[in-house]
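What you see is a predicted model, and the numbers here were worked out from it, not measured in a lab.
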Amino acid sequence: MALDPTTFETLTQSRFITFTFPHPSNDPNSLLRVAVLDSPIQPTESPRVAAMFAPEHRNSDWTFSTESGHLQLLLSSPGISRLILIGNQPINAHSSPSIYRRSINNDFNSLEVSLKPLFLALSPKSLFKHGIPEIPILRYEDNVICGVVLEQCVGSFAGEMLVEDVEIESEGREFRRRLRFKRMPNLIQTEIRVVPEVGFGSDCMGIGEVEFRPDIQVLVHPYLVPMVASLSLVGRCIEERIQGGFKPKALCVGVGGGALLTFLRAQLGFEVVGVEADKEVLRVARQYFGLLGNESIRVIVGDAIDVIEKFAYHSNGVHEGENGSYLYDGSDVNNKFDAIMVDLDSSDAKNGTSAPPLEFVRKQVLLAAKSILCDFGILAINVIPPNRSFYEKLINEFREVFHELYEIDVGNGENFVVVATMSPTMSFISDCENSFLTRLRMVISGAYMDSIRKI
């Protein structure tokens, strides 16, 4: 069905239209895929339209081939009312390479001039008030040199997801394994370092040329190190627990690939309980990200809020419910924790990436979480505020329930870690007097420990 040219004369919030267009090179084996998305934000009297080209050989990546990915690209470009996304769409869908390698030459440079009439035809009438407008071309840049998808699967809660290995820009050769969800493909849910399996030489260690294994000795996801650094606030109490012959305990709400759980157990000797909403995510974590199930790491499958409330109000722990919604790996859990670490993002991506979900910040949920913390315990939560009012509301809700609040700026322009304490934090003692703090500085950047700010 032919498109009505007048369709694009007005802006319509969240309208998404995609179609194919003949390639200006007249290549019979490919077409251009054109996708047009209007911002969900109310348009202004002076709208701005921009275009973007999908990187070569990444046209099928969810970031560029789905409405949710397109939306995230638009929302990451402040002030843009309509984003036109252009990419190659080969007639033979199987002709795309299975391994992506960044192209040195940008084949779209020559297309910018020839496609200018198309960009103007896809612009709203209001853009022509003062003559023929210039349509800026936005460049997509990330640190991926090459990558390959290891598996795509579907979870009952997370939906479609993929696991990929990538090589990223670095002084040396650096390889990562990532978990991404289709509902928010631009957000990396989990990222870990991977290293070549023993036996492979340095001359054959590229993506697609070697098998990789997880390196669980280090955290690379930007906000996980600050979350672990929050433990320094209660380092003295944790040290006393260890000296008394007890393992410190952490509840990790939101497992993903399990990098945080594995690190707390392997590097800091914690007993860890995780809560994950999706069985398939848990399978992926165990198969690809090095998450092990044993006496020191136990994972419950269920809704995070429901599980916390069951811990709070049922002293005998969490068991399988009538509908099988809670699956528990192991025996009963003592429901008091030294730390609760929350890493949950909103499943609604229409207004951009945000964390945590608003329902987690309700007072009754925070009170339930508080009730399962030890007297000196802390709650550390990853926060991605879509706006200032969101962040202020979250801080106010936490302040009503907990004794003190601290903040760690992750430094990436997006994430903050907010730390809530049950009681006044004890004065620090020197690292040489506290083997836990000494160990903590050895396994993470001490800079985050030193940058914790009371709010």
Check: Between the side chains of Asp343 and Tyr223, does any donor sit under 3.5 Å from an acceptor?
Finding: yes
Checklist line | Exercise: identify the closest heavy-atom pair between Ser65 and Arg33 | finding: O-NH2, 3.5 Å
Next item on the list: Could you tell me which non-hydrogen atom of Phe390 sits nearest to which non-hydrogen atom of Ile384, and how far apart they are?
Entry: CE2-O, 4.3 Å
Item checked: Pairing of Asp338 and Lys249 as salt bridge, 4.0 angstrom limit -> no
Notebook entry, point to check: Under 3.5 Å, is there a donor-acceptor pair between the side chain of Arg180 and the main chain of Pro185?
Noted result: yes
Check: Hey, are Glu407 and Tyr391 close enough side-chain-wise for a donor-acceptor pair under 3.5 Å?
Finding: yes
Margin query: For Phe53, run the side-chain contact (heavy atoms from CB on, under 4.5 Å) check against Leu115, Asn59, Leu85, Leu32 and tell me which one passes.
Written below: Leu115
Margin query: Using a 6.0 Å cut-off, check whether atom CG of Leu367 has over 12 heavy atoms from anything other than its own residue.
Written below: yes
Checklist line | Salt-bridge present (Lys370, Glu400; N to O < 4.0 Å) | finding: no
Note to self: Taking side-chain contact (heavy atoms from CB on, under 4.5 Å) as the criterion, tell me which of Val418, Asn415, Val410 meets it with Val383.
What the structure shows: Val418
Item checked: Check ion pair Lys116-Glu134 (N to O, under 4.0 angstrom) -> yes
Check: What heavy-atom pair brings Gly159 and Asp278 nearest, and what distance separates the two atoms?
Finding: N-OD2, 4.4 Å
